[in-house]
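Since the structure comes first, as structure tokens, the remarks are kept for the end.
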There are 2 protein chains.
Amino acid sequence: MWGTRRAVRLALATSLLLFSAARAWSADPLPSWNAGASKQAILEFVNEVILEDSPNFVPARERIAVFDNDGTLWAEQPMYVQLAFALDRVKALAPGHPEWKTKPPFSAVLSGDLKALAASGEKGILELVMATHAGITTDEFAMVVAAWLDNARHPRFHRPYTEVVYQPMLELLRYLREKGFKTYIVSGGGIDFMRTFSEKVYGVPPEQVIGSSILTQYEMRDGKPVLLRLPKVDFIDDKAGKPVGIEKFIGRRPLLAFGNSDGDQQMLEWTGAGRGLRLMGLVHHTDDKREYAYDRKSDFGRLDKALDEAIAKGWVVVDMQKDWKKIFAFEP
Amino acid sequence: MWGTRRAVRLALATSLLLFSAARAWSADPLPSWNAGASKQAILEFVNEVILEDSPNFVPARERIAVFDNDGTLWAEQPMYVQLAFALDRVKALAPGHPEWKTKPPFSAVLSGDLKALAASGEKGILELVMATHAGITTDEFAMVVAAWLDNARHPRFHRPYTEVVYQPMLELLRYLREKGFKTYIVSGGGIDFMRTFSEKVYGVPPEQVIGSSILTQYEMRDGKPVLLRLPKVDFIDDKAGKPVGIEKFIGRRPLLAFGNSDGDQQMLEWTGAGRGLRLMGLVHHTDDKREYAYDRKSDFGRLDKALDEAIAKGWVVVDMQKDWKKIFAFEP
């Protein structure tokens with residue numbers, strides 16, 4: 001009997017040893033991050049909120065982490081991916097719309113005149129979005145986006161857009177989930193556009209994606225219900241809309257928020273105004289060799305006021321050039 | 001050495017035995033449900049979708065279950081709980097609004113004239129909702145609701161409203177979660193009203209509550225950001241709005257949907273139109289001794305067209321009187 005007990009203890013001890021070894025092997029949860037202030041701030045923050053005897057302990061159910069998408073998880077240069085989709089979609093739909101040849105902003109897209117397109121302003125872009133994103137059912141739209149993502153290639157990296165994602169941020173998402181966080185995307189991009197790839201690419205399920213949306217309408221088609229996408233804005237999940245979206249969709253204040261532009265400023269402010277320890281981070285695009293370098297004057301992902309606030313308030317500012325060992329998984 | 005191996009095997013076998021015993025003890029996951037067609041349909045459905053070798057197997061990440069709240073998870077008679085809140089709130093705020101004494105619909109509330117209140121129609125109710133739900137911040141509103149729920153009592157059962165919840169449905173929610181389902185509330189009620197108690201009462205976290213909402217606005221107060229509740233409807237999560245809300249907030253079609261009224265009809269249709277096995281259920285209020293009996297002619301929770309569709313399509317119709325051994329946990 002004593003022998004049996006001893007053997008059981010031995011088996012238990014072996015399990016514990018294996019467990020400790022596994023922990024040691026995975027000692028660096030962020031291998032694509034260089035040692036430095038940013039990495040240290042993240043690791044220390046996570047340890048502080050997950051350790052039960054820490055004064056800053058937060059129960060798992062309240063560990064909400066929110067991430068912007070364009071420029072924070074994937075590249076937003078030379079233009080937002082969803083804009084590239086809209087332009088390609090205009091070209092694909094053009095045969096059915098002969099009037100587009102002479103009608104701005106469509107004519108600008110079809111003749112490749114990006115300057116004229118830019119001149120059409122927000123109103124022009126909205127018109128493009130409605131023509132390319134509405135008028136079909138939610139199921140049809142998801143199929144159109146998935147087919148486009150399969151075939152489209154990033155103009156500089158010549159890879160599917162879903163590979164032009166930041167490896168260090170994938171590691172951060174996974175690390176947070178391992179530590180009990182629920183990871184959300186909170187983006188100005190279209191919610192249904194992102195949901196087609198968020199689970200496969202980021203491990204973020206559709207129900208944890210928050211974004212801009214157009215209205216949909218429930219109706220019957222051949223006795224089957226569909227949701228028809230209407231050419232009418234429902235919600236713009238950008239700037240002051242981000243905290244509004246977070247409260248609407250999650251109903252809890254995030255513990256951690258990461259963005260990269262002025263569009264994320266209010267989301268970071270809202271996160272930082274919560275009680276207890278919080279982490280606010282900005283990805284600063286400083287590496288024109290491996291990716292792009294831009295901030296205060298960029299058309300896409302302008303980072304100006306939020307950078308000033310980050311410096312003033314001590315938010316984590318990730319210097320892509322210095323802080324990231326590797327930017328994309330496909331790098332040699 | 002052989003002895004050690006044998007001891008380890010013995011330990012393993014003991015663990016397995018204990019595990020099987022634990023399973024046997026918890027053999028009935030729905031103890032408040034009487035044996036019958038409803039209970040059987042639920043148990044069989046869940047087994048079908050969770051067993052990996054079943055032709056109807058669904059991976060855990062896609063196991064979405066949606067539940068209406070009023071009349072499905074808690075009592076909605078003699079009036080919706082949130083309406084009782086609004087009426088009490090009018091009384092509490094009345095000293096600051098002397099004009100309400102003569103101004104309908106407020107005057108009807110203050111004089112207790114529910115007939116006049118009903119005559120004020122949807123417009124009158126909307127006016128009440130805005131006066132009692134808007135004009136304060138999201139944090140303030142949550143505190144007001146929590147304080148009210150602590151003190152208010154159901155007029156017939158003389159208990160906090162959060163105890164007038166259906167024990168069989170609590171068991172169903174828990175059972176589904178144990179089997180890997182993500183349980184959501186999809187209700188015509190106010191999203192922020194429900195989120196104050198959904199986690200504690202139903203085990204449904206705020207981010208899995210979908211409901212009707214008013215607009216909010218991000219603004220700074222004394223250097224701190226707040227979300228101010230505006231007196232303007234954002235979204236009505238009822239009838240054809242329920243599939244719209246499900247697609248907006250979840251972005252996946254539910255596997256299982258439970259409601260109790262015509263307001264849930266489209267949610268059940270939308271669920272049923274998905275590929276593969278789905279379960280649609282209605283709670284039919286048939287027990288005026290232990291709860292209430294109402295359906296086709298009720299002002300609150302009318303069940304008429306959805307009942308016809310349920311019968312025609314073979315949805316599960318739960319007969320509260322016959323199917324439920326116990327309705328409330330507080331029953332003797």
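The structure presented is a predicted model; accordingly, all values stated were derived computationally and were not measured. Reminder, nothing fancy here: chain letters follow the sequence lines and each chain counts from 1.
- Taking CD from B:E247 and CG from A:D139, the interatomic distance works out to 7.0 Å, rounded to the nearest 0.5 Å.
- Counting heavy-atom neighbours within 6.0 Å of B:K313 NZ, excluding the residue itself, gives a total above 12.
- At a 4.5 Å heavy-atom cutoff, the contact between B:V226 and chain A is made by backbone atoms alone.
- Counting heavy-atom pairs closer than 4.5 Å to chain A, the top residue among B:G241, B:A142, B:P243 is B:P243.
- Legend: residues meeting side chain to side chain donor-acceptor pair (under 3.5 Å) with A:E219, ordered by chain and number and at least two apart, are A:Q217.
- Of the listed residues B:G272, B:A240, B:S213, the one with more heavy-atom pairs under 4.5 angstrom with chain A than any other is B:A240.
- Contacts of B:F235 with chain A are absent, with no heavy-atom separation under 4.5 Å from either backbone or side chain.
- Each of B:K248, B:K182, B:R253, B:R63 was checked for a salt bridge (charged side-chain N to carboxylate O under 4.0 Å, His left out) with A:E207, and the lone residue meeting it is B:K182.
- Annotation: maximal heavy-atom pairing with chain B below 4.5 Å, among A:K224, A:R61, A:E199, occurs at A:E199.
- Side-chain contact between B:E269 and A:Y218 is present, with heavy atoms from C-beta onward closer than 4.5 Å.
- A:W270 has its side chain within reach of B:L227: a pair of non-hydrogen atoms, C-beta onward, lies under 4.5 Å apart.
- Contact count against chain A (heavy-atom pairs under 4.5 Å) is highest for B:T138 among B:T138, B:D192, B:I191.
- Taking all atoms of both residues into account, the shortest heavy-atom contact from B:G251 to A:R195 is CA-NH1, 3.4 Å.
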